[in-house]
Amino acid sequence: MGSRMPERSTGTVVRAGARGLVGAMAMTGVRTVTAAVGPREQSPPEAIVEQRVPLVSGLPERHEAAITELLHWTYGAAGGAAYGFLPRGVRSRPASGPVYGLLIWLGFEVGIAPLLGVRHAHEHGVAWRAGTALDHLLYGIVVGGRLAPEPPSARGRARRPVTPLRRRRSRGRARVRGPRS
């Protein structure tokens, strides 16, 4: 029984990093909507920047918000790339992405926040924590590739290089084909 998940490779790690970036961006969208309908509470990236990055926290609010998001997206991309380093046997399990997303959040709550002395970690209620858990489940689903699965492994086959398409005439009609092998 073979897995459709490819072995770990540079491409696997890069794709997982890209999914991490998109996952972090999706979390930003969810956070924007929930902040608009509920009480405005400080997110973990906002707390870190405010309390630990004084150069950024002194900028105009819109610049601070943009840099905070860029830092969050960078963290999300790095987390996605780290997921790509997991063994194929772990990554191929459907629950691995969502569990990974929750572990990222748990790692922040019990590891990174206390290490950095970020005070916000224990100041939020159940509704905020449930929303944050859902954010991280979404991140994990995206990082795990369940929305855009990995391409099948090319075991035993040489991969064709990615090159511009060429046109070929066949029976009087033009059709687009890949490069000649």
Side-chain angles (χ1 to χ4, degrees), residues 1-35 43-49 52 67-116 118 120-121 124 126-165 178-179 181:
M1 179 168 88
S3 172
R4 293 195 66 214
M5 186 78 55
E7 292 292 336
R8 183 177 40 232
S9 69
T10 302
T12 300
V13 173
V14 169
R15 279 189 298 278
R19 287 192 306 266
L21 172 62
V22 171
M25 289 174 166
M27 290 173 69
T28 299
V30 170
R31 197 170 53 240
T32 299
V33 170
T34 58
S43 70
E46 291 166 338
I48 290 171
V49 168
R52 293 291 166 219
I67 291 171
T68 300
E69 285 309 325
L70 289 172
L71 291 172
H72 183 238
W73 296 349
T74 301
Y75 182 76
Y83 179 85
F85 279 109
L86 294 174
R88 178 174 60 173
V90 173
R91 290 181 289 118
S92 66
R93 299 186 182 279
S96 68
V99 168
Y100 184 79
L102 289 174
L103 288 174
I104 291 285
W105 175 46
L106 182 63
F108 173 80
E109 290 284 329
V110 301
I112 296 171
L115 182 69
L116 293 176
V118 176
H120 110 288
H124 297 290
V126 173
W128 182 89
R129 289 183 186 277
T132 302
L134 288 174
D135 270 358
H136 286 81
L137 281 171
L138 170 64
Y139 173 80
I141 290 168
V142 174
V143 167
R146 299 299 162 217
L147 300 176
E150 294 278 347
S153 178
R155 291 182 197 172
R157 294 181 296 159
R159 290 189 179 215
R160 296 178 78 176
V162 177
T163 58
L165 298 175
S181 296

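Quick caveat: nothing in here was measured; it's all calculated off a predicted structure.
- For the pair V99 and L103, the minimum side-chain heavy-atom distance is below 4.5 Å.
- Taking all atoms of both residues into account, the shortest heavy-atom contact from V118 to A47 is CG1-CB, 3.6 Å.
- Taking CG of L21 as the reference point, atom OG1 of T74 lies at 8.0 Å (rounded to 0.5 Å).
- In this structure, the separation between CG on D135 and CH2 on W105 is 9.5 Å, given to the nearest 0.5 Å.
- Annotation for S92 and G89: closest pair OG-O, 3.3 Å, computed over non-hydrogen atoms.
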Apply side chain to side chain contact (heavy atoms under 4.5 Å, CB included) to the pair T12 and R88, showing each step before the final yes or no.
-> CA-CA 10 Å; T12 300; R88 178 174 60 173; over 6 Å; no
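- Put simply, the side chain of V30 does not reach to within 4.5 Å of the side chain of L134, judged on heavy atoms.
- Looking at every heavy atom in both residues, A16 comes nearest to G80 through CB-O, 3.0 Å.
- Considering every non-hydrogen atom in both Y83 and S96, the closest pair reads OH-OG, 2.6 Å.
- Distance alone, capped at 3.5 Å, is enough to place a donor-acceptor pair between the R52 side chain and the L116 backbone.
- Summarising the geometry of L86 relative to V90, their closest heavy-atom pair is CD1-CG1, 4.1 Å, with the distance given to 0.1 Å.
- Of the possible donor and acceptor atoms, none in the side chain of Y139 sits under 3.5 Å from a partner among the backbone N and O of L102.
- Looking at T28 and W73, their side chains come closer than 4.5 Å, going by heavy atoms from C-beta outward.
- H72 has its side chain out of reach of E46: every pair of non-hydrogen atoms, C-beta onward, lies at least 4.5 Å apart.
- Taking each heavy atom of M27 and L138 in turn, the nearest pair found is N-CD2, 4.4 Å.
- Side chain of Y100 to main chain of L137: no donor-acceptor pair is present (N/O by atom type, distance under 3.5 Å, no hydrogens or angles).
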What's the verdict on side chain to side chain contact (heavy atoms under 4.5 Å, CB included) for E109 and R129, showing C-alpha distance, side-chain angles and the deciding distance?
-> CA-CA 11 Å; E109 290 284 329; R129 289 183 186 277; 3.3 Å; yes
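- Rounded to the nearest 0.5 Å, atoms CD1 (I112) and CD1 (I48) are 6.5 Å apart.
- The pair R31-E69 meets the salt-bridge criterion, with a side-chain N (NZ, NE, NH1 or NH2) lying under 4.0 Å from an Asp/Glu carboxylate O.
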